[in-house]
Amino acid sequence: QITAELWSANLYLSMSWFMLREGYEGFANWMKEQAAEETRHANRIATYMAQRQAIPKLDKIDVVPQNWGNAREAFEDAYKHECHVSKLIDLVVKIAAEENDNATQDFLWGFVREQVEEEAQTLTIMEKLKRTGDAGLLYMNCQLGKRGKKKKKIGLCHFALTQPPC
């Protein structure tokens with residue numbers, strides 16, 4: 001699971017860089033924050049394993065996709081990927097249950113709950129991008145650019161002086 005989380009981090013970094021190339025700094029920021037979150041997941045799992053006297057193993061991380069047709073396609077892939085990660089975590093929970101490892105099951109249930117949120121969040125973004133069309137891309141880009149930033153009053157978005165405040 002550690003390697004899968006780090007592959008996920010690389011996927012989101014690749015998506016972030018794609019968004020930057022396409023001129024969507026807000027989407028890029030959201031993807032970069034997601035990459036950092038996936039890295040934190042890998043570290044949480046490794047720390048838990050070490051606490052349980054297990055040896056965390058880091059395996060080869062395969063190459064991730066580098067390009068998408070557009071921002072919507074990248075978010076569609078992000079949603080599909082989160083669904084895949086949920087299945088991977090479910091499998092690890094099943095193994096822990098078969099081993100009667102209650103502590104690990106308890107630890108993993110936190111990831112199960114988080115995956116429900118991850119799937120819902122990426123699905124919501126994907127659906128909004130589909131419904132809003134091209135005009136809504138700039139608004140969504142601005143909104144998602146706020147992720148991870150300290151809560152403070154943000155003025156006009158930088159992409160156009162005529163854009164209303166985010």
Side-chain angles (χ1 to χ4, degrees), residues 1-48 61-90 92-93 107-166:
Q1 190 61 41
I2 292 171
T3 302
E5 295 292 340
L6 292 174
W7 190 90
S8 297
N10 284 354
L11 175 65
Y12 283 115
L13 274 178
S14 181
M15 289 178 170
S16 176
W17 298 336
F18 167 77
M19 296 297 188
L20 280 176
R21 285 193 317 270
E22 295 296 307
Y24 296 115
E25 291 84 5
F27 292 154
N29 178 69
W30 190 92
M31 294 293 187
K32 186 170 66 171
E33 290 291 326
Q34 193 68 19
E37 186 173 304
E38 301 301 342
T39 301
R40 285 190 297 273
H41 292 169
N43 284 316
R44 275 187 13 219
I45 293 167
T47 299
Y48 175 80
I61 300 171
D62 292 330
V63 174
V64 297
Q66 305 293 312
N67 208 15
W68 291 265
N70 56 47
R72 285 183 198 90
E73 285 181 21
F75 275 101
E76 287 173 13
D77 279 0
Y79 172 68
K80 290 175 190 172
H81 178 68
E82 290 299 339
C83 293
H84 171 72
V85 170
S86 294
K87 290 177 186 172
L88 293 176
I89 292 170
D90 288 345
V92 178
V93 170
F107 172 75
L108 292 170
W109 277 108
F111 285 94
V112 170
R113 285 186 293 278
E114 188 166 336
Q115 278 308 118
V116 170
E117 294 172 11
E118 296 291 341
E119 284 184 33
Q121 184 178 48
T122 52
L123 178 62
T124 298
I125 293 168
M126 183 182 72
E127 291 298 322
K128 284 182 179 180
L129 287 173
K130 283 181 183 177
R131 284 194 305 268
T132 60
D134 289 341
L137 277 174
L138 296 178
Y139 176 76
M140 290 292 295
N141 178 59
C142 184
Q143 291 300 307
L144 293 182
K146 297 176 184 178
R147 181 179 182 189
K149 299 194 175 171
K150 293 184 179 177
K151 302 233 184 215
K152 64 180 181 179
K153 189 169 184 170
I154 297 175
L156 296 176
C157 294
H158 298 290
F159 58 82
L161 294 176
T162 58
Q163 177 68 25
C166 299

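Computed from heavy atoms alone, side chains included, the values below leave out hydrogens, waters and symmetry copies.
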Subject >> Matching residue for F75 among N70, L144, L123 - test: side-chain contact (heavy atoms from CB on, under 4.5 Å) >> reply: L144
Quick one: side chains of residues 6-21, donor-acceptor pairs under 3.5 Å with protein atoms, not counting sequence neighbours, listed by atom name and distance.
| from | atom 1 | to | atom 2 | distance (Å) |
| --- | --- | --- | --- | --- |
| W7 | NE1 | D62 | O | 3.1 |
| S8 | OG | A4 | O | 3.0 |
| S8 | OG | H81 | NE2 | 2.6 |
| Y12 | OH | E82 | OE2 | 2.6 |
| S14 | OG | P65 | O | 2.6 |
| S16 | OG | A28 | O | 2.8 |
| R21 | NH2 | Q66 | O | 3.2 |
| R21 | NH2 | N67 | OD1 | 3.3 |

Distance-minimising heavy-atom pair for [X] and [Y]:
X    : Y    : answer
G145 : N29  : O-ND2, 3.0 Å
L137 : F27  : O-CZ, 3.7 Å
L129 : T132 : O-OG1, 3.6 Å
L108 : I89  : O-CG2, 4.4 Å

**OP:** Measure the CE-CZ distance between M140 and R131 for me, rounded to the nearest 0.5 Å.
**Re:** 9.0 Å
**OP:** Output the distance between atom NZ (K87) and atom NE2 (H84), rounded to the nearest 0.5 Å.
**Re:** 9.0 Å
**OP:** For side-chain contact (heavy atoms from CB on, under 4.5 Å), just list the numbers for I125 and W30, CA-CA rounded to whole Å, side-chain angles, deciding distance to a tenth of an Å, and then say yes or no.
**Re:** CA-CA 11 Å; I125 293 168; W30 190 92; 3.6 Å; yes
Subject >> Residues which pass salt bridge (charged side-chain N to carboxylate O under 4.0 Å, His left out) with E37, listed by chain and number, not counting sequence neighbours >> reply: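 For E37, the residues satisfying salt bridge (charged side-chain N to carboxylate O under 4.0 Å, His left out) (neighbours in sequence not counted) are R147.
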**OP:** Show the numbers, then the answer: is there a side-chain contact (heavy atoms from CB on, under 4.5 Å) between D134 and R72?
**Re:** CA-CA 10 Å; D134 289 341; R72 285 183 198 90; 3.2 Å; yes
Original post:
Parallel, tilted or perpendicular: which fits the ring planes of Y48 and F107, with parallel below 30° and perpendicular above 60°?
Top reply: parallel
Original post:
Is the closest side-chain heavy-atom distance between K130 and E76 below 4.5 Å?
Top reply: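 They are in side-chain contact.
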Original post:
Taking C-beta and beyond as the side chain, do E5 and Q1 meet within less than 4.5 Å on heavy atoms?
Top reply: yes
Original post:
Can you pull the salt bridge (charged side-chain N to carboxylate O under 4.0 Å, His left out) pairs that have at least one residue in residues 114-123, sequence neighbours excluded?
Top reply: R44-E114
